[in-house]
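Chain identifiers are assigned alphabetically (A, B, ...) following the order of the sequence lines, protein sequences preceding nucleic acid strands; residue numbering begins at 1 within each chain. The figures that follow rest on heavy atoms only: side chains count, while hydrogens, waters and symmetry mates do not. Keep in mind it's a predicted model, so treat the numbers as computed, not measured.
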Amino acid sequence: MRELKLTNTLTGEREIFQPIDPERVTMYVCGPTVYNLAHIGNARPVVVFDMLNRVLRELYPSVIYARNITDIDDKIINAARERGQAIDAVSTEFADKYREDVAALNTLTPDLEPHATDNIPAMIDLTERLIKAGNAYPADGHVLFAVESMPGYGALSGRKLEDMLAGARVEVADYKRHAGDFVLWKPSAADEPGWDSPWGRGRPGWHLECSAMIRAHLGDAIDIHGGGRDLIFPHHENERAQSCCAYGGDFVRYWVHNAYVDMDGEKMSKSLGNVRTIRDLLSSYHGEVLRFALLSAHYRSPLNFSQELLDSAKSALDGFYAALRNNQDVEPAHINVTDCVAFDALLDDLNTPESIAALHAASKALNKAIDADRAKAKGMLLACGTALGILQVDPEVWFTGGGDNDLSADVIDKLIAERRDAKANRDFARADQIRDELIAAGIVLEDSPEGTIWRRA
RNA sequence: GGCUCGGUGGCAGAGUGGUGAUGCAGCGGAUUGCAAAUCCGUAUACAGCGGUUCGAUUCCGCUCCGAGCCUCCA
């Protein structure tokens with residue numbers, strides 16, 4: 001078996017991936033809090049870990065990929081109040097939309113999609129364990145995790161308790177023994193959602209669900225835990241503290257975190273008004289364009305999202321589809337994904353830019369291939385596309401689909417026929433006039449010895 | 001202030017102790033009635049200053065600049 005290398009946040013090193021059980025690889029990725037539409041920044045981890053999921057599935061017989069839905073959270077409570085809706089109406093609506101949006105990015109559906117509200121007993125059980133073990137304490141209706149009770153607290157994010165105190169700029173609740181103690185369980189007011197617990201009616205703190213659901217659905221320890229790098233602290237640090245103290249063991253073997261998406265060089269934020277939702281972008285761009293754009297930089301590097309990025313992603317995909325379209329009559333040879341030139345780069349810490357370079361090479365090889373080599377070259381390009389989760393559309397549809405409100409295919413075909421006749425009569429003025437009109441309408445013509453094809457620009 | 005990560009050609013973006021990826025844009029060709037697409041060729045880079053080395057963009061140190069996290073956040 002070929003080796004997969006991953007950069008582990010815990011060690012800071014690029015390590016060879018060795019699963020706990022090669023027959024059952026487990027990966028958990030932090031999913032959405034469902035209170036609004038997912039934006040393009042949310043899409044990056046989804047696509048990145050979809051890539052990792054795909055690679056793992058090629059390498060191992062069984063992979064269990066879980067991505068949670070956080071459907072109880074103060075942000076959801078607030079959204080429900082603002083909209084005058086029930087909390088589960090809000091969470092259901094946005095969970096559904098989230099699934100639709102990320103499916104459009106050619107991401108495979110996770111094997112498990114645990115919901116926080118379905119796992120409250122497991123969270124209460126976890127909290128009780130932590131109290132019993134001396135790692136947590138009830139105070140003022142809350143239950144808090146005592147960070148000083150864990151010797152290695154801070155190891156994941158590379159910080160020490162004393163350092164964090166120096167930087168503390170938030171008012172510390174007086175019921176906390178240590179400023180770094182975090183909430184496991186908190187009380188709910190009468191108008192807030194809550195569940196009965198040994199500490200009264202309340203709801204879980206943010207970090208609790210992932211620890212409890214990983215244990216409940218995947219086991220004491222998992223191979224990979226992923227998410228955006230902003231989650232390293234406090235979320236994953238605290239998850240790790242909960243799980244290690246309650247269940248022992250190492251909890252997670254490989255922590256993998258992706259960098260942010262910036263918008264035109266600035267951080268994406270509501271106050272800057274530069275948040276772009278996946279849904280909005282999908283109205284202008286095919287999901288493959290967004291996916292390709294998100295994969296164009298290495299996952300651990302910041303990605304600057306811009307018009308230029310989208311345009312270049314679109315034109316790159318157009319190039320690949322053009323190569324396929326020009327060989328539409330060629331039956332592709334079957335080539336395993338693991339045998340394609342784009343796959344090796346993915347084994348090296350998901351080096352998608354290098355993988356894309358291989359894709360370009362495969363595309364060029366197909367364009368240059370002599371007849372005897374076309375089947376193999378086409379199969380190679382398709383396998384590379386599959387490795388990256390792109391090129392899943394019929395090329396003809398890619399170029400001529402959509403644009404329902406513009407010129408219809410029939411009208412375009414008639415104009416092309418008229419131009420063909422004009423050219424046959426050497427009436428190039430008329431032929432060029434037709435072509436110019438079509439260009440003005442967003443239709444580009446390409447002549448070849450076999451005839452004229454068209455595409456929407 | 002503490003911690004972490006970066007600064008590569010016009011732009012995007014990999015990688016490497018010694019033959020300077022890849023894409024877009026540019027330039028020159030082939031092809032085309034002219035284009036488009038495709039193919040061929042080609043210029044431009046490794047923030048700065050030291051150090052290690054036969055040799056550094058790649059390792060080490062310092063400086064400058066930028067980004068992120070420090071208990072809402074992909």
message: Counting Watson-Crick and G-U wobble pairs with both distances under 3.5 Å, what is the dot-bracket string for RNA chain B, 5' to 3', using [ ] for crossing pairs and | for pairs to another strand?
response: (((((((..(((.....[...))).(((((.......)))))....(((((..]....))))))))))))....
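Listed candidates were B/rA74, B/rA35, B/rU71. Nearest to the side chain of A/His39 is B/rA74. Of the listed nucleotides (B/rA14, B/rC5, B/rC34), B/rA14 has the atom at the smallest distance from the side chain of A/Asn351. Considering only the side chain of A/Phe182, B/rU71 comes nearest among B/rC73, B/rU71, B/rA37.
For A/Glu437 and B/rA36, the CD to P distance is 19 Å, given to the nearest whole Å. Note: NZ (A/Lys5) to P (B/rG15) measures 12 Å, nearest angstrom. One atom, NZ of A/Lys75, and another, P of B/rC72, lie 9 Å apart when rounded to the nearest Å. Rounded to an integer number of Å, the gap from NE2 of A/His235 to P of B/rC73 is 8 Å. At whole-Å resolution of the value, CD1 in A/Ile40 and P in B/rC73 are 21 Å apart. A/Lys314 places its NZ atom 22 Å from the P atom of B/rA12, with the value rounded to the nearest Å. As a whole-Å value, the separation of A/Ile453 CD1 from B/rA36 C1' is 10 Å. Atom NE2 of A/His236 is separated from atom C1' of B/rU71 by 14 Å (rounded to the nearest Å).
A gap of 7 Å separates the C1' atoms of B/rA25 and B/rC11, to the nearest Å. A gap of 14 Å separates the C1' atoms of B/rG20 and B/rA43, to the nearest Å. Straight-line distance between the C1' atoms of B/rG7 and B/rC39: roughly 36 Å, to the nearest whole Å. For the P atoms, the distance linking B/rG55 with B/rG18 amounts to 14 Å, nearest Å. Rounded to whole Å, the P atom of B/rC3 lies 30 Å from the corresponding atom of B/rG9. Spacing of P atoms, B/rG23 relative to B/rC59, comes out at 26 Å, to the nearest Å. Between B/rA21 and B/rG29, the two C1' atoms lie 24 Å apart (nearest whole Å). When the P atom is compared between B/rG61 and B/rU4, the two are found 13 Å apart, to the nearest whole Å.
In this structure, A/Arg276 forms no cation-pi arrangement with A/Phe305, as its terminal cationic atom is not both closer than 6.0 Å to the ring centre and no more than 45° off the ring axis.
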task: Do nucleotides 17-32 of chain B as a string where each nucleotide becomes B, S or -: B if the base has a protein heavy atom under 4.0 Å, S if just the sugar-phosphate does, - if no protein is that close.
output: ----BSS---------
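Between A/Asn106 and A/Ile390, the closest heavy-atom pair is ND2-CA, 4.3 Å. The two atoms that bring A/Arg54 and A/Ala387 nearest to each other are CD-O, 4.4 Å, heavy atoms only. Counting all heavy atoms, side chain and backbone alike, A/Ala431 lies closest to A/Ala422 at N-CB, 4.1 Å.
Looking at heavy-atom distances under 4.0 Å, A/Leu231 makes contact with sugar-phosphate atoms alone, never a base. At the heavy-atom level, A/Arg300 lies nowhere under 4.0 Å from the strands shown. As judged by a 4.0 angstrom heavy-atom cut-off over every strand, A/Gly227 is placed among residues touching the sugar-phosphate backbone only. As judged by a 4.0 angstrom heavy-atom cut-off over every strand, A/Ser448 is placed among residues making no nucleic acid contact. At a threshold of 4.0 angstrom between heavy atoms, the contacts of A/Arg455 are confined to the sugar-phosphate backbone, with no base atom among them.
Within 6.0 Å of the NZ atom in A/Lys97, the count of heavy atoms belonging to other residues, nucleotides or ligands exceeds 12.
Residues that satisfy the side chain to side chain contact (heavy atoms under 4.5 Å, CB included) test with A/Ala80, not counting sequence neighbours, are A/Ile87, A/Val90. Residues satisfying the side-chain hydrogen bond (donor to acceptor under 3.5 Å, both in side chains) test with A/Arg240, not counting sequence neighbours, are none. A/Ala313 pairs by the side chain to side chain contact (heavy atoms under 4.5 Å, CB included) definition with A/Val289, A/Phe292, A/Ala293, not counting sequence neighbours. Take A/Tyr137 and apply the side-chain hydrogen bond (donor to acceptor under 3.5 Å, both in side chains) test, not counting sequence neighbours, and it matches A/Asp181. Partners of A/Trp255 under the side-chain hydrogen bond (donor to acceptor under 3.5 Å, both in side chains) rule, at least two apart in sequence or in another chain, do not exist in this structure. Considering only residues two or more places apart in sequence or on other chains, A/Ser301 meets the side-chain hydrogen bond (donor to acceptor under 3.5 Å, both in side chains) condition with none of them.
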message: Evaluate A/Asp447 against A/Thr452 for side-chain hydrogen bond (donor to acceptor under 3.5 Å, both in side chains), listing each step before the verdict.
response: CA-CA 4 Å; A/Asp447 292 338; A/Thr452 298; 2.7 Å; yes
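Taking only side-chain nitrogens and oxygens, A/Lys160 never comes nearer than 4.0 Å to OP1 or OP2 of B/rC70. Distances shown here put every side-chain N or O of A/Thr452 at or beyond 4.0 Å from the OP1 or OP2 atom of B/rA37. The phosphate of B/rC73 has OP1 or OP2 within less than 4.0 Å of a side-chain N or O from A/Trp206. A/Asn367 has a side-chain polar atom (N or O) that falls below the 4.0 Å cut-off from OP1 or OP2 of B/rC39. Between A/Asn238 and B/rU71 there is no side-chain polar atom (N or O) within less than 4.0 angstrom of OP1 or OP2.
A heavy atom lying under 4.0 Å from RNA chain B marks the following residues of residues 285-297 of chain A, by number: A/Ser296, A/Ala297. Residues from residues 420-429 of chain A with heavy atoms under 4.0 angstrom of RNA chain B, sorted by number: A/Lys423, A/Phe428. Listed by residue number, A/Tyr260, A/Val261 are the residues of residues 254-263 of chain A with a heavy-atom contact under 4.0 Å to RNA chain B.
Ion pairing between A/Glu113 and A/Arg99 holds under the 4.0 Å rule for side-chain N and carboxylate O. Using a cut-off of 4.0 Å between Lys/Arg side-chain N and Asp/Glu carboxylate O, A/Glu93 and A/Arg83 are scored as salt-bridged. The pair A/Arg374-A/Asp371 counts as a salt bridge, with a side-chain nitrogen and a carboxylate oxygen less than 4.0 angstrom apart.
Put simply, the side chain of A/Arg229 and the base of B/rC69 share no donor and acceptor less than 3.5 Å apart. Looking at A/Arg44, its side chain has no donor and acceptor atom pair within 3.5 Å of the base of B/rA74. A donor and an acceptor atom never sit less than 3.5 Å apart when one is taken from the side chain of A/Asp230 and the other from the base of B/rG68.
From A/Glu192, atom CD reaches atom CZ of A/Arg81 across 5.5 Å, with rounding to the nearest 0.5 Å. Here the CG atom belonging to A/Leu218 is positioned 10.0 Å from the NE2 atom belonging to A/His225, to the nearest 0.5 angstrom.
Screening residues 357-369 of chain A for side-chain hydrogen bond (donor to acceptor under 3.5 Å, both in side chains), with sequence neighbours left out, gives no hits.
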